[in-house]
J.: 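Input: one structure, supplied below.
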Amino acid sequence: MRNHSPLLALALLLAILEAPLATHAVGENKLEVFSWWTSGGEAAALDALFNVYKKQSPGVEIVNATVAGGGGSTARPVLQTRLAGGNPPDSWQTHPGWELLGQYVEPGYCEPITELYKSDGWDTAFPKELVVNLMTKDRKIYAVLAGIHRGNVLWYNTKLLEKNGIKVGNKMTIEEFFAACDKLKAAGIPALGVGDSGIWASAQLFENTLLGVIGPKGWADLFSGAMQWDDPKVKEAMKQFAKMQDYVNPDHSALSWDQAIKALMEGKVAFSSMGDWADGEFLKANMKERQDFGWMSHPGTDGAFIIVADGFTLANGAPHKEAALAWLKSVGSKEAQEAFNPLKGSIPARTDVDRSKFDGYHQWSMDSFANDKLVASCVHGEAAPAAFQQALNDGVTSFIVDKNVDNFANALVQAAKESQSKK
Ligand code: GAL
């Protein structure tokens with residue numbers, strides 16, 4: 001400072017004095033959105049959502065706070081720390097059901113957005129059962145859905161199956177599936193692509209397999225406590241899941257879910273049981289429906305739709321509340337739903353969108369959502385409290401190694417008891 005002129009010193013001093021004001025002014029025009037959408041397809045879809053918002057709210061600077069890791073396995077703990085520390089993002093990605101209501105609404109981290117349902121006609125535009133059953137507490141609504149994924153989809157590499165003389169229709173029994181796996185195994189190909197560096201991807205394979213055995217009615221019973229986790233049917237699903245391990249790619253624990261989908265695209269594995277965010281990856285890679293990749297319900301789950309819905313919240317004490325409200329309005333708008341979902345693989349949560357804007361997969365999923373039995377995902381935080389979701393992940397981690405059905409079943413019986421007692 002010694003060599004500076006008095007004028008410059010004054011300018012610097014003024015700059016320092018003005019700095020907090022300037023930060024505040026910029027702060028007013030920001031919006032921080034927290035999510036785990038970082039894979040190719042996820043990031044492209046999020047960008048589409050941001051672009052609609054930017055058009056509707058020009059001049060707002062978007063802080064895209066993402067934490068990589070599919071299923072939010074890394075993002076959710078980071079978010080919890082921020083919320084507990086009183087440092088919330090304005091809005092964050094959440095699954096409805098237990099995750100939204102138990103983890104965020106119950107401790108007081110969310111502000112209701114019930115008003116938007118009235119002002120923006122959402123009362124009639126969104127499926128009532130979902131809003132009422134999974135997003136409402138004490139008659140207040142706490143999130144808006146951007147889209148609805150189907151969790152129980154079996155994807156396949158069309159050319160690889162053809163090359164190996166495997167014909168598939170639009171559904172498969174578990175026996176047919178294992179027969180195809182055997183054929184591929186004999187040809188030296190890992191039939192089933194898994195990327196469970198975040199264990200949830202294997203937990204999801206189990207969840208899908210479980211639904212295939214117990215069906216939607218069994219699902220309702222299991223999560224209401226009318227069926228136990230050591231029921232013979234649940235154990236049968238565990239046995240099937242154990243058998244699947246014989247056909248999984250050996251590097252599964254080193255891969256993320258999207259790397260496993262990439263392996264499918266490259267013909268290194270034939271099938272992958274994954275939620276339809278996988279469709280976003282196929283689209284991003286310019287893969288052609290039916291020609292390059294195909295899909296059907298996970299074996300035995302035809303007629304049922306595992307909901308994995310993505311919503312956004314309004315933080316209690318959102319640093320930029322006005323921008324956040326505009327963001328939520330935007331997410332719920334027809335324009336945003338039509339821009340986001342074709343890229344994400346999910347179907348719009350709004351029921352009044354233009355179907356012609358969607359490709360074959362989306363039309364299939366829309367029909368399934370309209371006609372099939374809907375069940376909530378446990379792996380994605382909807383059907384059970386976080387502690388149970390964690391216990392399921394832990395159980396799957398051990399089971400993949402020891403394949404001990406009794407241990408797995410007993411651990412889940414115990415975890416269900418514990419979460420039941422906390423309800
Ligand atoms: C789910 C989420 C999807 C997708 C997937 C993989 O939990 O609902 O939108 O992002 O994880 O990351």
Side-chain angles (χ1 to χ4, degrees), residues 36 70-73 75-76 93-104 106 129-130 133-135 148-153 194 196 198-231 233-238 240-241 244 257 273-277 297-298 300-301 304-311 372-400 405 408-423:
W36 59 83
S73 47
R76 279 180 286 105
Q93 175 195 353
T94 182
H95 299 116
W98 276 96
E99 185 177 310
L100 169 67
L101 300 175
Q103 277 170 262
Y104 305 135
E106 181 70 32
E129 326 81 74
L130 287 193
N133 297 338
L134 302 177
M135 293 153 71
I148 303 173
H149 282 293
R150 191 182 197 273
N152 51 317
V153 186
V194 174
D196 65 355
I199 191 64
W200 67 272
S202 266
Q204 178 163 335
L205 176 61
F206 172 65
E207 173 168 278
N208 289 344
T209 306
L210 177 64
L211 178 65
V213 178
I214 67 176
K217 164 84 173 67
W219 197 268
D221 288 348
L222 195 55
F223 287 97
S224 70
M227 187 196 276
Q228 300 308 308
W229 283 89
D230 57 359
D231 188 278
K233 282 197 197 142
V234 177
K235 288 188 170 178
E236 168 57 24
M238 289 170 175
Q240 290 183 3
F241 177 59
M244 285 175 187
W257 70 271
S273 183
M274 183 46 63
D276 55 16
W277 39 93
S297 293
H298 178 91
T301 68
F305 184 117
I306 298 189
I307 296 173
V308 185
D310 289 310
D372 292 347
K373 295 264 183 305
L374 307 178
V375 301
S377 166
C378 174
V379 172
H380 296 275
E382 296 168 346
F388 186 82
Q389 180 189 11
Q390 185 59 46
L392 180 60
N393 280 336
D394 294 346
V396 166
T397 305
S398 309
F399 185 68
I400 285 174
V405 169
F408 190 17
N410 293 341
L412 294 178
V413 168
Q414 192 53 35
K417 250 189 224 147
E418 278 163 23
S419 55
Q420 204 72 26
S421 67
K422 282 187 201 131
K423 271 185 197 172

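Quick caveat: nothing in here was measured; it's all calculated off a predicted structure.
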J.: Is the NZ atom of Lys235 crowded by more than 12 outside heavy atoms at less than 6.0 Å?
T.: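 Counting other residues, nucleotides and ligands, NZ of Lys235 exceeds 12 neighbours.
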J.: Would Trp229 and Phe388 count as a close aromatic pair, with their ring centres under 6.0 Å?
T.: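 Between Trp229 and Phe388, the centre distance is under 6.0 Å.
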J.: Of all residues at least two apart in sequence or in a different chain, which pass the ring-ring contact (aromatic ring centres under 6.0 Å, His included) check with His380?
T.: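 ring-ring contact (aromatic ring centres under 6.0 Å, His included) check on His380 returns His95, Trp200, Trp277.
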J.: As a test of understanding, state which of Thr209, Asn152, Asn208 forms a side chain to side chain donor-acceptor pair (under 3.5 Å) with Ser273.
T.: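 It is Asn208; the other options fail the test.
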J.: Roughly how far apart are His149 NE2 and Met274 CE, rounded to 0.5 Å?
T.: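 Answer rounded to 0.5 Å: 11.5 Å.
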J.: Any donor-acceptor pair under 3.5 Å linking the side chain of Gln228 with the backbone of Val413?
T.: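 Not confirmed, Gln228 side chain does not pair with Val413 backbone.
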J.: How close do Leu134 and Leu101 get, heavy atom to heavy atom, and via which atoms?
T.: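 Residues Leu134 and Leu101, closest heavy atoms: O-CD1, 3.7 Å.
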J.: For the backbone of Ser377 and the side chain of Glu382, can you confirm whether one donor and one acceptor N or O come within less than 3.5 Å of each other?
T.: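 Yes, Glu382 side chain to Ser377 backbone: donor-acceptor pair under 3.5 Å.
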J.: Of all residues at least two apart in sequence or in a different chain, which pass the side-chain hydrogen bond (donor to acceptor under 3.5 Å, both in side chains) check with Lys233?
T.: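 Counting only residues at least two positions away or on another chain, Lys233 forms no side-chain hydrogen bond (donor to acceptor under 3.5 Å, both in side chains).
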J.: Side-chain donor-acceptor contacts of residues 392-399 below 3.5 Å, not counting sequence neighbours, with atom names and distances?
T.:
| from | atom 1 | to | atom 2 | distance (Å) |
| --- | --- | --- | --- | --- |
| Asp394 | OD1 | Gln390 | NE2 | 3.0 |
| Thr397 | OG1 | Asn393 | O | 2.8 |
| Ser398 | OG | Asp394 | O | 3.3 |

J.: In Å and rounded to the nearest 0.5 Å, what is the CG to CD1 distance from Asp221 to Ile214?
T.: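 Interatomic distance, Asp221 CG to Ile214 CD1, rounded to 0.5 Å: 8.0 Å.
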J.: Which pair of heavy atoms, one from Cys378 and one from Phe223, lies closest together, and at what distance?
T.: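 Shortest heavy-atom separation between Cys378 and Phe223 comes out as CB-CZ, 3.5 Å.
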J.: Indicate the atoms forming the closest heavy-atom contact of Gly275 with Gln204, along with that distance.
T.: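 Answer, listing the atom of Gly275 first, then Gln204: N-NE2, 2.9 Å.
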J.: Please answer whether the main-chain N or O of Ala304 pairs with a side-chain N or O of Arg150 as donor and acceptor at a distance below 3.5 Å.
T.: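 Flag set: sc Arg150 to bb Ala304 pair under 3.5 Å.
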